[in-house]
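First up is the structure itself, then whatever we jot down about it.
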Amino acid sequence: MATQMFIGGTWTDGMAKQTQRVTSPATGEPLGEVPISTAADIDAAVKAAKKAQRELDAMTVFERSALCHRVAELLESRVDELARELALEQGKPFATEAREEIHHSAGNFRLHAEEGIRLDTEVMPSETRGKLLFTLRKPIGIYALITPWNFPLLIPAELAAPALVTGNAVILKPSEFTPLIAARLVEICEQAGFPPGSVNLVYGARETGEALVTHPGVTGIAFVGSAATGEAIVRAAGLKRTMIEASGNGPQIVLEDADIDAAASAAVRGAAFTAGQVCVATERVLVQRKVHEQFVERLLEEARNVVLGNPLDPKTTMGPLNNEPTAAKMDRHLSDSLKKGGKLLLGGERASGFPTKLYYPMTVVDSVGTDQLLFREESFGPVLPITTFASDDEAIALANDSDLGLQAAVFTSSLKRAFRYVHEIRAGNLQINESTCYFEGRPPFGGAAGTKSGWGRIQIQDFTDLRTISIDYEHARN
Ligand code: NAD
């Protein structure tokens, strides 16, 4: 299947001289081919977006909201078909995850359709007689949406919905590993009736992303991806509006007074969901020494229940990794750990007998020290590295011993202890007695200040430009 760019309401090969093949991580089979966008294509997309943006800005928010509701309905009407494509391109299980991602994407459009019409602004008292002060929220203008491959439909939806309902035009550049399912979202926005040029689609990897970020016509960049890329984007973007949602290295902390069964099952869920390729995955497990043995026993029981397999098989609860660089990173982190004293309790190498080499079994490693890559860096795979601690002070120090601070979880039956962690853990989002991978679309979500997990909270306000207006009604002539 050849999929084209979408520029100014037309599906086109643009000025592309090269194409890129997309291969299924599950079967190894080719799924399609996309053209790689050139600088001229980016120019054309910006031009089309500029025209459409004026039209979007002139519409009422109620009109834009109705279009977002329509996108949600269209997504819901194609759940099984889209989920199958997503499972084959990304690798996540059809039954337990891919269908849910389509529903959540629709839910995001519905949520922002509602949020948009309730985005009130303020009227403020003035220091001067006869003046009225108020604020207005205007669109940022043209938003480049640069997205990763782990939630290749949901993340474009999470960014496009608030951007469009607030009157921005968007140019989506999906990950080079998963461009096909993103094209489906664009197709649906077109069917929903967004004016031509409101939603544009370009393809490619770093170079295409850089061309978008530095294009003078692009006024905002919403980026979800790795911390290293986020930092490069911020440097290149200068003073442009950026929203950076980057990497995580989330710890799950298990205190001696915790419900150990709940903690064990949450940890496995946090590492098996999307095969650990989630920014809020359980990347580290910190366990109080007193309950270490009991916890590990339960953890292994839970981990053995994870069924690795073809994402289309209904028995599968965990699919393959999406791409070779991610699998190679798992190999590297595990061999580093074993060299430095990590004790392998389960899994540990790529599984054989599958159509690709991307199938990694659930892996558990004990005695993980702070010098190991498993502890220091985001592994982005189905691995649970266990580190023990003696006191709350030590647990907090270990949790904060990372330059990333996206999400963390604490298991305890003491409210007093829980609140100490709430105040002292440096993470944008903290779960008490819940897995690190717990996520809802409505609350603000993002990294903590002082970390490399990014800034901005993927909330509707961040897609608008707050303007302050004063009116001198004493001097108006009529
Ligand atoms: P990545 O940074 O490699 O790529 C993300 C996107 O940026 C891709 O579309 C890529 O082509 C593009 N890109 C690469 N270099 C660029 C450059 N110099 N300028 C502009 N664009 C560029 O990340 P990935 O491997 O696709 O995704 C995995 C990462 O995403 C993980 O670190 C994960 O934690 C993070 N993530 C974060 C969140 C969040 O909400 N915080 C959500 C999902 C994933």
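One-based numbering, in listed order, for ligands and for the atoms of each.
Around ligand 1, the residues contributing at least one heavy atom under 4.0 Å from the ligand are I146, T147, P148, W149, N150, I155, K173, P174, S175, E176, A205, R206, G209, E210, F223, V224, G225, S226, T229, I233, E245, A246, S247, G248, C279, E378, F380, L406, F445.
Tested against V280 for a side chain to side chain contact (heavy atoms under 4.5 Å, CB included), the candidates F445, F273, Y438 yield a single pass: F445. A side chain to side chain donor-acceptor pair (under 3.5 Å) with D336 is found for one member of K339, R332, H333, K340 and no other, namely K340.
Under the side-chain contact (heavy atoms from CB on, under 4.5 Å) criterion, A157 pairs with S105, F109, L185, sequence neighbours left out.
For E424, the CD atom counts as densely surrounded, since its 6.0 Å shell holds more than 12 non-hydrogen atoms of other residues, nucleotides or ligands.
If you take CD1 on I188 and CG on L153, they are separated by 7.5 Å, rounding to the nearest 0.5 Å.
With respect to the salt-bridge test (charged N to carboxylate O, under 4.0 angstrom), the residues D43 and K47 do not qualify.
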